[in-house]
Amino acid sequence: MNRDIEKNYDPKTLEDKWYKIWEERKAFSPDKKKDKVFSIIMPPPNVTGILHMGHALNTTCQDVLVRHKRMSGYNTLWIPGTDHAGIATQAKVEKKIFKEEKKTKHDLGREDFLKRIWEWKEEHGDEIVKQLKKLGASCDWDYETFTMDEGPNKAVRKVFTKLYNEGLIYKDKRIINWDTVLQSAISDAEVEYKEVKGKFYHIHYQVEGSDEVLEVATTRPETLFGDTAVAVNPKDPRFKKLIGKNAIIPICERVVPIVGDSYVDMELGTGCLKVTPAHDFNDFEIGKRHDLEVINILHPDGKLNQHAKAVEGLSAQAARKKTIEILKEKEILVDVKEHKHQVGHGERSDSVIEPMVSTQWFLNVQDMAKKSLQSVKKEKMNFVPKQWENTFFGWMKEPRDWCLSRQLWWGHRIPVYTCKTCEYEFSFESEPSECPKCQSRTLIQDPDVLDTWFSSGLWPLSTLGWPVQEEMDKKGFDTYFPNTMLITAFDIIFFWVARMSMMNIKLMNTVPFKDVYIHGLVRDKQGRKMSKSLGNGINPLDLIEQYGCDAMRFTLANGCGFNRGFNLDPKLIESSRNFMNKIWNAFRFISPFLRRKVGNYKISTRDIDIPTKWILTELNSTAHLMNKHLEAYRFDEAASTIYSFVYDKFCSWYLELSKPVLYSDDQAIVKKRAEILRFLFEELLKLLHPISPFITEEIWSYFYEDRLIINQDYPVLRQEYQFDHEHEKMAHFIELVTQIRNLRASVGLKPKEQIELEFFTDDKKTAEFIHENRHYLESLAQVKKGTIHNKDAKRPQKSTMATTSLVETFLPLEGLIDIAEEVARLNKQIDKVKSELEKVNKKIQNKNFMDRAPEEVVLEVRTKAKDFQTKLDALEANLSSLE
RNA sequence: GGGCCCUUAGCUCAGUUGGUUAGAGCGCUACCUUGACAUGGUAGAGGUCAGAGAUUCGAAUUCUCUAGGGCCCACCA
């Protein structure tokens with residue numbers, strides 16, 4: 001090695017360096033010569049976004065798979081991009097402008113305001129991109145797409161126009177969720193229901209021309225100004241006779257019909273329902289059935305309008321208070337009851353959603369949803385883990401038409417135009433210059449923009465250049481669409497996965513991806529969701545700063561199985577950092593024996609010892625398992641597999657066993673071992689690379705100057721490295737050494753103090769093996785001398801012993817052992833073996849078991865019984881020799 | 001109200017078609033500055049797998065019920 005290596009692993013110096021090199025060498029570009037294809041799109045983060053643990057987990061999962069596939073010979077493409085995030089971005093820039101210039105968007109006007117957002121985007125939009133790079137994401141930045149780029153805009157216009165012309169997109173005046181802070185419609189999916197403590201107000205409504213009163217119960221008394229009926233159940237004997245008569249709404253003194261509608265629950269409340277079609281979803285439906293008047297009582301900002309004269313200009317809350325006061329004065333508020341109920345809040349603004357009647361654009365999704373549902377059922381699209389398809393089904397089974405329009409400025413503007421001259425309305429794929437009907441040039445475009453998820457729904461298409469043929473050819477549309485898979489979190493299954501699948505099936509007649517892997521949420525140490533309000537968020541960049549990206553990625557992968565997420569304790573990352581340090585130092589240890597190379601590296605499996613055959617076999621099973629787990633999206637299993645190989649197999653045993661070899665005087669032996677160590681190290685770096693790319697690339701660079709690890713072939717199981725027989729022998733040897741160490745510890749020997757042992761075995765091969773490897777016993781357990789006897793030989797007195805099924809090991813320590821302690825230790829072991837033996841014997845005595853269990857299970861149990869018996873006999877013999 | 005999931009060591013979690021001496025990491029205990037690593041080493045302690053029942057030769061694993069916890073959906077005035 002011709003470079004000095006720092007004693008401690010310091011990730012800071014190497015992570016940025018390698019990312020730059022990968023980018024410069026185009027290491028993330030797909031290799032189009034390869035036959036097998038792996039393509040995946042990144043869920044586009046908001047341009048306004050700041051990296052959080054969710055991104056870190058999502059990106060890690062994707063990058064692990066992408067790197068694995070790339071190394072496994074796939075034509076691998078990972079497309080990154082960012083989302084314009086209509087509401088979030090507009091609100092952010094709006095706030096900034098107001099803070100700095102005290103101007104609202106209306107002061108600036110639509111055009112200038114949009115210009116300002118674009119300026120903001122140019123200036124800050126790559127912040128999130130820089131952060132993704134910090135995570136090591138090996139996506140092809142040449143494909144980077146922004147949802148408001150020209151390409152996606154073409155896609156949006158084309159699709160909108162197609163759906164419009166098919167009559168699936170329509171304009172309708174109906175009740176929608178209105179966010180009074182954003183002053184825009186929002187979709188059903190954007191409404192969060194929260195439990196709120198409220199009150200039931202019981203109010204008397206007079207029946208017209210009679211002394212009778214109807215008692216209605218409501219949680220929102222201020223809506224009475226919009227009441228246009230009172231409804232009762234037509235079967236209700238109490239009120240049946242009133243149907244067809246009129247009631248008088250208090251305060252505004254409006255006369256409204258009393259209607260019978262089976263929606264009304266006789267048991268609930270008073271059995272009498274005030275009907276406010278303009279501000280309640282169910283009332284709207286009742287209104288339609290009975291042809292009721294719809295009176296909107298709210299301004300867009302949520303304040304009461306002229307239809308609520310008595311409380312005009314007040315916020316809903318203030319209006320409620322005042323309404324109650326008036327009702328009290330009039331003595332028609334007859335009861336107030338505590339009541340807990342679910343109230344819709346805007347996901348973005350967190351303000352109370354006011355259902356409101358308004359004219360909006362809708363997409364009829366009934367048929368699209370049905371087809372999408374069938375695709376999942378037919379397993380054309382697989383959710384992993386499978387139970388997530390229930391969440392998907394939940395949405396698809398009863399879809400409500402999608403409210404597409406938003407009263408915002410930032411977004412894809414709805415491409416619908418109305419001719420001022422002839423009033424013809426049409427949708428157009430590009431900017432129209434004249435009315436197709438009357439050729440008038442005075443066209444007015446719809447002022448609204450589309451829901452952000454409309455363009456997100458087209459993401460698998462638009463990122464590959466669709467619908468422009470030239471772009472599609474350039475980007476390899478035919479090769480990469482549909483994508484191999486998608487990785488996302490469960491909270492956007494409705495928003496995004498559902499929309500993408502509907503859109504893509506509709507447009508391309510195929511699902512957009514084969515697999516959808518859903519990972520969980522990263523929560524804090526105590527299992528709480530990370531949130532701004534709790535202040536418990538962990539910034540991934542801080543973790544990277546403190547422990548390094550590799551350690552963080554390793555921890556995330558390690559926690560990411562088929563679960564609902566995991567609780568992230570920074571301590572876990574510390575442990576991963578220690579693992580990286582372990583690798584670093586293992587490399588530091590072997591590096592003086594190695595030379596830097598150019599060209600392929602091979603080892604010979606001729607004349608290698610048992611430990612080497614053992615570690616090669618371990619390497620094999622590690623390679624096999626890594627591939628298996630990564631194929632199955634078991635990031636957790638993959639991480640612990642490589643961890644165990646590096647730590648428990650390579651460092652703890654093979655390196656230790658290699659020390660006496662490397663310190664040998666015979667240079668040929670040293671060289672041979674060094675080559676094997678190098679080979680093993682290269683392989684383990686490759687195996688780990690997808691999870692922890694930086695440290696592996698760094699160490700790799702000490703091995704080779706002409707190539708990067710990112711492009712190497714991922715290890716697979718190789719028959720020539722499989723030595724099952726030697727593997728078993730070595731496993732027994734490890735058991736033996738551990739027992740000897742245990743013996744030493746149990747009598748309190750100092751680590752350096754050398755011992756003499758006596759072994760008793762009737763197994764000739766074991767005897768030979770112990771003899772051949774006696775120098776290892778010395779280096780690993782300070783055994784300076786050992787004598788091997790047949791089992792019929794006399795056991796030494798006053799000694800401590802341990803036993804495996806093949807060999808008894810005695811440590812004679814006349815006078816040094818505490819007899820009482822030793823007896824206790826032996827008794828404990830005897831008890832344990834006895835109970836195991838009993839269990840096994842019970843099975844053997846059970847005739848049903850012997851008759852019905854499969855042969856190999858019976859055989860296994862018999863072997864166990866024999867082994868336990870041998871151990872027990874030896875332990876008991878030793879015990880009696882002490883007493 | 002409907003649906004999904006969880007309950008395994010002090011903590012965070014694995015345990016794939018029923019057969020393991022039920023595992024890992026962190027934490028804990030004892031000993032150790034052994035020439036890769038104290039961001040370390042060696043050896044340990046610690047679990048009647050939430051509870052009850054059922055199926056089976058055999059259940060952490062399958063089924064039913066109970067208790068506790070989480071999440072999603074839903075218009076209950």
Side-chain angles (χ1 to χ4, degrees), chain A residues 5 7-9 193 200 216-220 231 263-265 267-276 280-285 339 341-342 344 355 387-388 390-391 393-395 398 490-491 493-494 521 525 527 529 547 551 555 558-559 561-569 571-572 574-592 632 634 636-637 640 643-644 648 651-652 655-656 659 663 738 741-746 748-752 779-782 832-833 835-836 839-840 843 846-854 856-858 860-861 864 868:
Chain A
I5 306 141
K7 183 176 170 196
N8 282 325
Y9 160 66
Y193 287 88
F200 251 142
V216 301
T218 178
T219 53
R220 297 189 298 160
Y263 166 75
V264 180
D265 187 338
E267 309 294 315
L268 198 68
T270 59
C272 240
L273 179 67
K274 64 193 268 308
V275 183
T276 324
D280 183 286
F281 283 86
N282 292 302
D283 293 4
F284 183 76
E285 295 301 320
H339 178 60
H341 60 146
Q342 303 286 322
Q387 76 255 19
W388 288 113
N390 288 322
T391 305
F393 290 158
W395 196 83
E398 283 175 78
F490 58 79
D491 51 346
I493 291 177
F494 300 130
L521 253 39
K525 203 170 141 179
K529 205 168 162 175
Y547 302 108
T555 308
N558 203 214
F562 285 4
N563 48 29
R564 283 218 154 212
F566 64 104
N567 305 347
L568 184 72
D569 182 345
K571 274 242 151 171
L572 296 172
E574 194 180 320
S575 135
S576 300
R577 191 272 319 270
N578 295 351
F579 176 52
M580 298 300 147
N581 187 59
K582 186 84 181 170
I583 295 172
W584 187 262
N585 279 290
F587 169 66
R588 228 162 55 85
F589 171 66
I590 64 166
S591 66
R634 288 306 301 259
D636 55 341
E637 296 284 356
S640 48
Y643 183 95
S644 154
D648 307 336
C651 290
S652 294
L655 271 191
E656 292 306 323
K659 281 177 182 174
Y663 295 138
T738 307
R741 286 168 170 172
N742 186 346
L743 283 181
R744 297 178 56 103
S746 72
L749 283 173
K750 297 280 173 208
K752 274 186 174 170
S779 69
L780 296 174
Q782 298 292 332
K832 200 176 170 189
V833 175
S835 89
E836 291 305 329
K839 262 194 235 170
V840 175
K843 282 191 182 178
N846 184 338
K847 192 171 172 297
N848 280 327
F849 171 77
M850 297 305 274
D851 288 349
R852 299 190 197 185
E856 72 255 27
V857 175
V858 174
E860 206 177 295
V861 168
K864 266 186 207 162
F868 286 138

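Just so it is clear, the model here is predicted, and its values are computed rather than measured. Protein chains get the first letters and strands the later ones, always in sequence-line order, with residue 1 at the start of each.
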- Minimum-distance nucleotide to A586(A) side chain [options: rC73(B), rU39(B), rA36(B)]: rA36(B)
- Taking the side chain of K582(A) as its heavy atoms from C-beta onward, which of rU21(B), rC37(B), rG44(B) lies nearest to it? rC37(B)
- Task: Starting from P on rG41(B), measure out to CZ on R744(A) and report it in whole angstrom.
- Result: 18 Å
- Message: Under 3.5 Å, is there any donor-acceptor pair linking the side chain of R741(A) to the base of rU42(B)?
- Response: no
Which atoms of nucleotides 23-30 of chain B (N or O only) lie under 3.5 Å from a protein N or O atom, and what are those distances?
residue : atom : partner : partner atom : Å
rG25(B) : O2'  : S575(A) : OG           : 3.3

- Note on the structure: To the nearest angstrom, the CH2-P distance between W584(A) and rA38(B) comes to 15 Å
- Of the nucleotides rC72(B), rU21(B), rG44(B), which one has an atom closest to the side chain of F868(A)? rU21(B)
- Mind listing the closest non-hydrogen atom pair of A781(A) and R741(A) along with its distance? CB-CG, 4.5 Å
- Closest of rA36(B), rC73(B), rU21(B) to the E836(A) side chain is rU21(B)
Between the protein and nucleotides 74-77 of chain B, list every N/O to N/O distance that falls short of 3.5 Å.
residue : atom : partner : partner atom : Å
rC75(B) : OP1  : R400(A) : NH2          : 3.1
rC75(B) : O2'  : N282(A) : ND2          : 3.4
rC75(B) : N1   : N282(A) : ND2          : 3.1
rC75(B) : O2   : Y263(A) : OH           : 2.6
rC75(B) : O2   : N282(A) : OD1          : 3.2
rC75(B) : O2   : N282(A) : ND2          : 2.6
rA77(B) : OP2  : H339(A) : NE2          : 3.4
rA77(B) : O2'  : A217(A) : O            : 2.9
rA77(B) : N6   : D265(A) : N            : 3.4
rA77(B) : N6   : D265(A) : O            : 2.4
rA77(B) : N6   : L268(A) : O            : 3.1
rA77(B) : N1   : D265(A) : N            : 3.1

- Message: If you only use heavy atoms from C-beta on, which nucleotide in rG44(B), rA36(B), rU42(B) is closest to the side chain of S652(A)?
- Response: rU42(B)
- In whole angstroms, the gap separating P of rU48(B) from NZ of K832(A) amounts to 15 Å
- rA9(B) and rC26(B): how far apart are their C1' atoms, nearest whole angstrom? 12 Å
- Message: In whole Å, measure the gap between the C1' atoms of rU29(B) and rC6(B) for me.
- Response: 32 Å
- If the C1' atom of rG53(B) is compared with that of rG25(B), how far apart are they to the nearest Å? 36 Å
- Please report the shortest heavy-atom distance between D280(A) and P355(A), naming the atom on each side. N-CB, 4.2 Å
- Item | Pairwise C1' distance for rU7(B) and rA60(B), with rounding to whole Å | 12 Å
- K659(A) bridged to E656(A) by N-O distance under 4.0 Å: yes
- Message: Counting the atoms with a prime plus P, OP1 and OP2 as sugar-phosphate, which does R588(A) contact under 4.0 Å by heavy atoms, base, sugar-phosphate, or nothing?
- Response: sugar-phosphate
- Query: What is the nucleic acid contact for S644(A), judged by heavy atoms within less than 4.0 Å: base, sugar-phosphate only, or nothing?
  - Reply: nothing
- Once you round it to whole Å, what is the distance between C1' of rG70(B) and CD of Q387(A)? 14 Å
- Query: Is NZ or CZ of K582(A) both nearer than 6.0 Å to the six-membered ring centre of F587(A) and within 45° of the ring axis?
  - Reply: no
- Message: Rounding to an integer number of angstrom, what distance separates rG58(B) and rG70(B) when you compare their C1' atoms?
- Response: 34 Å
- Query: If we take the C1' atom in both rG18(B) and rA59(B), what is their distance in whole Å?
  - Reply: 6 Å
Check: protein-nucleotides 16-20 of chain B nitrogen or oxygen pairs below 3.5 Å:
residue : atom : partner : partner atom : Å
rU20(B) : O3'  : K864(A) : NZ           : 3.4

- Query: Touch check for Y663(A), heavy atoms < 4.0 angstrom, all strands: base, sugar-phosphate only, or nothing?
  - Reply: base
- N390(A), nearest nucleotide to its side chain (from rC4(B), rA43(B), rA36(B)): rC4(B)
- Note on the structure: Closest non-hydrogen atoms of N585(A) and R588(A), given as atom of the first, atom of the second and distance, are OD1-NE, 2.9 Å
- Say you pick atom C1' in rA52(B) and the same atom in rG68(B); how far apart are they, in whole Å? 15 Å
- Please lay out, stage by stage, how Y643(A) and N558(A) fare under the test side chain to side chain contact (heavy atoms under 4.5 Å, CB included). CA-CA 10 Å; Y643(A) 183 95; N558(A) 203 214; over 6 Å; no
- Task: For K750(A) and for M850(A), locate the closest nucleotide of RNA chain B by heavy-atom distance; then report the residue assigned to the nucleotide nearer the 5' terminus.
- Result: K750(A)
- Query: For rC13(B), what is the paired nucleotide under Watson-Crick or G-U wobble rules, both distances under 3.5 Å?
  - Reply: rG23(B)
- Note on the structure: Of the candidates rU39(B), rG44(B), rA36(B), the side chain of N742(A) sits closest to rG44(B)
- Message: Between rU42(B) and rG27(B), how many Å separate the two P atoms, rounded to a whole number?
- Response: 15 Å
